[in-house]
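Taking it in order: structure first as structure tokens, then the write-up.
The figures here come from the full heavy-atom set of this structure, side chains too, leaving out hydrogens, waters and symmetry mates. Position 1 is the first residue of the sequence; numbering continues from there.
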Amino acid sequence: MTSSSETAPGIVPIGSLDPIALGRAMDKLVTAALAAQTWSLVIAAEVAVQATDKNEAQAMRTAQEDVRDSARAYLGAQVPGVVKRLVDIQSAAALFQSMQALAAAAPEQSAVCLDAVTKDFGNFQQMADEFAKVHESFCEQAESRGTILADRVGAEIRRLSAGKGKIATTTRALKDLQQTVSKDLDDLIEASHKAGKGTRKILDAVADSLKAIGAEGKVSGGSEAVHRGIEDSSSGDVGKALQKLRKDSEKLERLYKELAGLQAGLQAVMKVDSDCNAYVRSVRAVAGPARAVANMWQQVYAEYATAVVKHTQPGDSATLAKDIDKAAVKWESLLMQTKDLSAAITGN
């Protein structure tokens, strides 16, 4: 005969089981999910980048939109799935609170209560396992889409920044045209020497203005109007020199703008590449903790299922009721932790 202070043969002392381990697994899951949630928001709101090769433009848009759709799907389905895993724990804690009250009032019903709760634990394990499988499949899709976009943006980066890329080509053209404009200025000054002092002063001012334009990469509408007026009122070598200078300076302006646009485009593409990589890695990082949570539920279920035995010895029910009381305290502690985790991921 077994006393109430001892454990009957075959009965697992459930008060010794530690649901806090499940809480630690959930903590890792939520932490990983928060990082993925952050990168998903970044991807979902990201500005579309343009491919400089017209033949690649549609493919680039499609690749980026596919990754953007993946990010929206993560926010719409995977995040709620993580929240549901927290709700499972909260439900388990609530069940234990009810079972604690029933066991205290009717200890002889402890085994029946524990059996019912254990079946619910089996359901929680199945749902956690399904979530892990779904997320693993989601990861494969996200990685596939991320790889396609990475290939596209990688090609665009090479088109822009390689040795023969558009930025290098435009930079070389810009330097060549700067030399041309410099010679235009010299020719203009030389022609102005023959046109008289007054004209020379005006042309010197125009030359200074254009030199500043070349240095800063922008053209002033006022200076353009000045040398247009001089061109209209001049003839001979001065007029021809000023006309050539004006045309070349307009080409220079276009090249400055083109180079600025290419450099901005390169930065945008590189940002998309970096953000996409971070998104895919963060989604993948959720898979491990998701599987760990499912495994923990399996362990909890197995341990409690083992504790559900036929009580035939005197004192078994009292021992089981006491262990239920101890376990309820630990599940209550876990409940408080999951509330904090839920607030972190939902913002509520």
ILVMFWY cluster, Tyr256 and Leu259 together (side-chain gap under 4.5 Å)
yes
Short side-chain to backbone donor-acceptor contact, Tyr279 and Val67, under 3.5 Å:
no
Worked verdict on Glu56 versus Arg159 for side chain to side chain contact (heavy atoms under 4.5 Å, CB included):
CA-CA 11 Å; Glu56 294 293 324; Arg159 282 194 291 270; 3.8 Å; yes
If every non-hydrogen atom of Leu34 is compared with every non-hydrogen atom of Ala344, which pair is closest and at what distance?
CD2-O, 3.4 Å
Rounded to the nearest 0.5 Å, how far does CG of Asp129 lie from CD of Gln298?
8.5 Å
Please name the pair of heavy atoms, one in Ala32 and one in Ala285, separated by the smallest distance, quoted to 0.1 Å.
CB-O, 3.7 Å
Close side-chain approach of Ser333 and Val329, heavy atoms under 4.5 Å
no
Under the criterion side chain to side chain donor-acceptor pair (under 3.5 Å), which of Glu140, His135, Glu143 is the partner of Arg284?
Glu143
NZ on Lys339 to CG on Leu86, rounded to 0.5 Å
12.5 Å
Enumerate the side chain to side chain donor-acceptor pair (under 3.5 Å) contacts for residues 31-40, please, sequence neighbours excluded, ordered by first and then second residue.
none
Which atom of Ala162 lies closest to which atom of Ala168, heavy atoms considered
O-CB, 3.7 Å
Side-chain heavy atoms of Tyr74 within contact of Val286, under 4.5 Å
yes
What I want to check is whether the side chains of Arg61 and Gln58 have a donor and an acceptor closer together than 3.5 Å.
yes
Heavy-atom pair with the smallest gap, counting every atom of Gln337 and Gly23
NE2-O, 3.1 Å
Taking atom CD of Gln100 and atom CD1 of Ile324, what is their separation to the nearest 0.5 Å?
9.0 Å
May I ask you to decide if Lys271's main-chain N or O and Ser274's side chain share a donor-acceptor pair within less than 3.5 Å?
no
For Tyr304, run the ring pair (Phe, Tyr, Trp, His ring centres under 6.0 Å) check against Trp297, Phe121, Phe124 and tell me which one passes.
Phe121
Apply salt bridge (Lys or Arg N to Asp or Glu O under 4.0 Å) to the pair Lys133 and Glu130, showing each step before the final yes or no.
CA-CA 5 Å; Lys133 289 177 180 177; Glu130 181 62 26; 5.3 Å; no
Candidate pair Asp69 and Arg145, rule side chain to side chain contact (heavy atoms under 4.5 Å, CB included), full reasoning:
CA-CA 10 Å; Asp69 286 344; Arg145 294 183 177 187; 3.8 Å; yes
Taking Lys166 first and then Glu258, would you say they form a salt bridge - that is, a charged N and a carboxylate O separated by under 4.0 Å?
no
Closest contact, heavy atoms only, Ser161 versus Leu266
CB-CD2, 4.0 Å
Can we say Glu65 and Arg68 salt-bridge, meaning some charged N sits less than 4.0 Å from an Asp/Glu carboxylate O?
yes
State, to 0.1 Å, how close Ala33 and Ile345 come at their nearest heavy-atom pair, and which atoms those are.
CB-CD1, 3.8 Å
Which is it for Asp115 and Lys119 under the salt bridge (Lys or Arg N to Asp or Glu O under 4.0 Å) test, yes or no, and what are the steps along the way?
CA-CA 6 Å; Asp115 183 45; Lys119 290 177 181 177; 3.8 Å; yes
If you group Ile, Leu, Val, Met, Phe, Trp and Tyr by side-chain heavy-atom gaps below 4.5 Å, do Val117 and Val112 land in one group?
no
Does some side-chain heavy atom of Glu250 sit less than 4.5 Å from a side-chain heavy atom of Arg246?
yes
Counting C-beta onward and ignoring hydrogens, is there a side-chain heavy-atom pair between Leu335 and Gln97 closer than 4.5 Å?
yes
Answer yes or no: is there a side-chain heavy-atom contact under 4.5 Å between Ile148 and Asp66?
no
Short question: side chain of Ser182, backbone of Gln178 - any donor-acceptor pair under 3.5 Å?
no
How long is the gap from CG on Leu177 to CG on Leu255, to the nearest 0.5 Å?
5.5 Å
Heavy-atom check, side chain of Gln64 versus side chain of Glu46, under 4.5 Å:
yes
Determine whether Met336 and Glu332 satisfy the following criterion, side chain to side chain contact (heavy atoms under 4.5 Å, CB included), listing intermediate values before the conclusion.
CA-CA 7 Å; Met336 300 308 296; Glu332 176 64 24; 4.1 Å; yes
Not counting sequence neighbours, which residues clear side-chain hydrogen bond (donor to acceptor under 3.5 Å, both in side chains) with Asp27? List them please.
none
Check whether any side-chain heavy atom of Leu252 sits under 4.5 Å from a side-chain heavy atom of Asp248, and report yes or no.
no
Nearest 0.5 Å please: distance from the CZ atom of Arg85 over to the CZ atom of Phe131.
6.5 Å
Side chain to side chain contact (heavy atoms under 4.5 Å, CB included) between Asp88 and Gln125: does it pass, once the steps are laid out?
CA-CA 9 Å; Asp88 291 345; Gln125 188 279 326; over 6 Å; no
Lys/Arg N to Asp/Glu carboxylate O, Glu156 vs Arg152, below 4.0 Å
no
Between the side chains of Gln263 and Gln267, is a donor N or O closer than 3.5 angstrom to an acceptor N or O?
no
Could you measure the distance from the CD1 atom of Ile89 to the CG atom of Leu334? Nearest 0.5 Å is fine.
5.0 Å
So Val134 and Gln78, do their side chains get closer than 4.5 Å, heavy atoms only?
yes
Please check if the number of heavy atoms outside Met270 that lie under 6.0 Å from its CE is greater than 12.
no
